[in-house]
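Shown next, in structure tokens, is the structure this report addresses.
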There are 2 protein chains.
Amino acid sequence: MNIKDVARVAGFSIATVSRAFRAPEKVNVHTRAQIERVAKQLGYIANSSAQVLRTRRSRVLGVVLPTLLNPVFAECLDGIARAAHASGYSIVPVTTDYQVTSEERTVQTFIAANVDGVLLVVSNPADSLALRLLKSKQIPYVLAYNLHQDHPCVTVDSEAAVADVVGQLADCGHRHIAMVSGHLAQSDRAQQRYRGYLKAMRQLGLQHRDLIEVPFMATSVAQISVQLARSDRPTALFCSNDLLAIRSVRAANDSGLRVPDDLSVVGFDGIELGMDLTPRLTTIQQPNREMGRVCVRLLADSLARGLLPGPEHTQILDYSLRVGESATITDAHMPTPSRRTK
Amino acid sequence: MNIKDVARVAGFSIATVSRAFRAPEKVNVHTRAQIERVAKQLGYIANSSAQVLRTRRSRVLGVVLPTLLNPVFAECLDGIARAAHASGYSIVPVTTDYQVTSEERTVQTFIAANVDGVLLVVSNPADSLALRLLKSKQIPYVLAYNLHQDHPCVTVDSEAAVADVVGQLADCGHRHIAMVSGHLAQSDRAQQRYRGYLKAMRQLGLQHRDLIEVPFMATSVAQISVQLARSDRPTALFCSNDLLAIRSVRAANDSGLRVPDDLSVVGFDGIELGMDLTPRLTTIQQPNREMGRVCVRLLADSLARGLLPGPEHTQILDYSLRVGESATITDAHMPTPSRRTK
DNA sequence: CTGTTAGCGCTTTCAA
DNA sequence: TTGAAAGCGCTAACAG
């Protein structure tokens, strides 16, 4: 079942059949109707491999994400999917599980498949082979969540956001504020957020604490509990992401600490689920869907104009503090984000 | 940059270059080394559109899921991704948002892209155009979570699972057990689970309650709260999935009810997150990753043998009761699943 | 072990 | 408005 069959049955050449679908206005109305009828009757579906091979355009955007087990990326992907669909693009999401080699392999596959553009969340944009490859092949790409001067990025000012929220915790009387993070080397976001924590503590004249690094998902609750059992335990925990914040709350409960009375817990990401928990998660709200949308828009615009997005297209979006019940922060008068580009 | 360039630079014919990658043993060792060197140096990446067009095989499996915002599908996808990778397949996950038309559109795209097989979670296998299309085009496919006699399915016996857990609630003294579900028409799982609920209530001689149907995610907490405010409120809630169970717990808190003391809440799915919540979610644990794995294995086996999976390949996997803290169920002596196929 | 060549299904000039 | 034909990049006979 291919274009030839349709042509034969409809009584026209394959060129006309092709045109009937790709440039209907160039075909006689009756001819078109006839061809459409036959195509439908035969259940004809154009072979996209052939189309892509011939036209060198796929109308596909590749999407590289660390994982979909963290809802923050699922929400972002939702935004990507909707925006892509609205712009007439398909997407191919692939998860890397924070493996750099997987990022590279995926980008290779994307190039082989002639994707029109790529949207990525990488571990470390600074020395990413995947990005180098994309650049060398002149394929439009945009980073989400990452931030680096050499690449087009769509993200929030994480460092400022963390500094802000740590400041708020201090305002509420907290002096012993610790930070919980996944493996720092695995993500530049974690690093940015850690920098924000250190900066804020320094500015506040508070003694920062050793980072509570919990690389292995499965055991993180236990690992956090250990820290909470110490005599010099912190009174507030800033967590590098909401999933860790959820686990921290659990760890507090396991340790006989009440949240937020005995321990304040603040997350980062603003996953929707956090609002349905008890206590409702206090967190830095990123515009996750919007970030996806903006990335797609950037890519689609570039594609339409035939140019590559560069660092000059970087967009820093607004974040906000979502005040829940997991921390003794009472009001949402968050300082204005320090940087903002539109 | 294509095979021709590599051939020219390496000083061999394109046929030899092709063979060097696809059938290395048929090429002289030195020739191969030379070709590999040149290919690497030029950054050659074979054009998969051309390969697929020529060979009619893509080593790609299409994956149709309702949403990735529900972690149950993200976990399943994780299993799919790992199994596919292990079998040398790529996957292309697409979400339908429970839209039947989107299922059909997606399957068409998959067919156009020459996927080797398709793995789906559909709304209603009984009259699915998407499945009909797949069948008519002779494309191997397997359903996950769905259950229907005409199709190859990998799932658990939801009906029995629900009946079991409702029975346990009754054993613990509950007489007023209500069920919370998303829009029933949107998923045959919800329907199976509802049947299980009704069956169990009937067998227990208990009066079943009107289904608490909360079609719109955003407002579900409020909708559930309304039901909990009634004077004849239930003492136990069986929720069609874990996300609803989480929201039910929140609704209970909002209503001044303590879980599980005043209200028992049981979920379905066994998402990992549930174990990190307070109270830990009591839920029916499905082998989500395993289901993904089994689906891929089924597909890969069929592909290897050149035959289509049929209803006879259906596998009903084991579920279990995960006893958390959200319900007054004290022990895990769950009856053996009523049906089981291996 | 290597090269020649036909052709996968489609789009797109170009000519009629 | 339609058709003939070249060719996208690759694979797989087949011949040597």
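Order of the sequence lines sets the chain letters (A, B, ...), proteins ahead of strands, with each chain counted from 1.
- Across all strands shown, S49(A) has no heavy atoms under 4.0 Å from either base or sugar-phosphate atoms.
- Residue whose closest nucleotide on DNA chain C sits further toward the 5' end, between T55(B) and E25(B): E25(B).
- Among L131(A), L129(A), L133(A), the single residue meeting the side-chain contact (heavy atoms from CB on, under 4.5 Å) criterion with E104(A) is L129(A).
- One can place CE of M1(B) at 15 Å from P of dC8(D), the figure rounded to the nearest angstrom.
- Among the heavy atoms of the strands, none lies under 4.0 Å from S48(A).
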**Message:** For a side-chain contact (heavy atoms from CB on, under 4.5 Å) check, start with the C-alpha distance between T55(A) and R22(A), then their side-chain angles and the critical distance, and finish with the verdict.
**Reply:** CA-CA 12 Å; T55(A) 63; R22(A) 300 191 64 94; 4.2 Å; yes
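- Distance CD1 (I45(B)) to C1' (dG9(D)): 14 Å, rounded to an integer number of Å.
- Residues R105(A) and Q108(A) bring no donor and acceptor atom of their side chains to less than 3.5 Å of each other.
- Note that the two end axes of the helix from dC1(C)-dG16(D) to dA16(C)-dT1(D) enclose an angle of 30°, each drawn from 5 base pairs, rounded to 10 degrees.
- Ranking dT2(D), dT11(C), dC8(C) by closeness to the I14(A) side chain, first place goes to dT11(C).
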Protein-nucleic acid N or O pairs under 3.5 Å, nucleotides 13-16 of chain C:
none

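- Of the candidates dG9(C), dA4(D), dA12(D), dA4(D) carries the atom nearest the S13(A) side chain, counting heavy atoms from C-beta on.
- We find that CG of L53(B) is positioned 9 Å from P of dC8(C), with the value rounded to whole Å.
- Base engagement by S18(A) is indicated by at least one non-hydrogen atom pair under 4.0 Å involving a base atom.
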Show me the donor-acceptor pairs, under 3.5 Å and distance only, between side chains in residues 61-70 of chain B and residues at least two apart or in other chains.
{"unit_1": "T67(B)", "atom_1": "OG1", "unit_2": "L69(B)", "atom_2": "N", "d": "3.0"}
{"unit_1": "N70(B)", "atom_1": "OD1", "unit_2": "V72(B)", "atom_2": "N", "d": "3.1"}

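- Nearest nucleotide to the Q51(B) side chain, out of dG3(D), dC10(D), dG9(D): dC10(D).
- Nearest nucleotide to the N28(B) side chain, out of dT2(D), dC10(D), dC1(C): dC1(C).
- Remark: C76(B) SG to L119(B) CG distance equals 7.0 Å, nearest 0.5 Å.
- By the 30° and 60° cut-offs, the orientation of the rings of Y44(B) relative to F21(B) is tilted.
- Rounded to whole Å, the distance from CG on N114(A) to C1' on dC10(D) is 12 Å.
- Separation of atoms OG1 (T155(B)) and CG (L147(B)) is listed at 6.0 Å; rounding is to 0.5 Å.
- One finds the SG atom of C295(B) at 6.5 Å from the CD1 atom of I80(B) (value rounded to the nearest 0.5 Å).
- In this structure, F21(A) reaches neither bases nor backbone, as no heavy-atom distance under 4.0 Å exists between it and the strands shown.
- Between I3(A) atom CD1 and dA5(D) atom C1' the separation is 14 Å, expressed in whole Å.
- Closest to the side chain of R56(A), from the set dG3(D), dG9(D), dA6(D), is dG9(D).
- Taking atom CZ of R8(B) as the reference point, atom P of dT4(C) lies 15 Å away to the nearest angstrom.
- Residue-level contact check: V52(B) touches neither bases nor backbone, having no heavy atom under 4.0 Å from any strand.
- K4(A) places its NZ atom 13 Å from the C1' atom of dA4(D), with the value rounded to the nearest Å.
- In this structure, N2(A) places its CG atom 5 Å from P of dC10(C), rounding to the nearest Å.
- Side-chain contact check for T106(B) and T109(B): no donor-acceptor pair (N or O, by modelled atom type) lies under 3.5 Å.
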**Asked** How far apart are the C-alpha atoms of R82(B) and D78(B), what are their side-chain angles, what is the distance that settles it, and do they pass the salt bridge (charged side-chain N to carboxylate O under 4.0 Å, His left out) test?
**Response** CA-CA 6 Å; R82(B) 289 174 197 281; D78(B) 190 56; 3.1 Å; yes
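- Looking at the side chain of T31(A), the nearest of the listed nucleotides dG9(C), dC10(D), dT1(D) is dT1(D).
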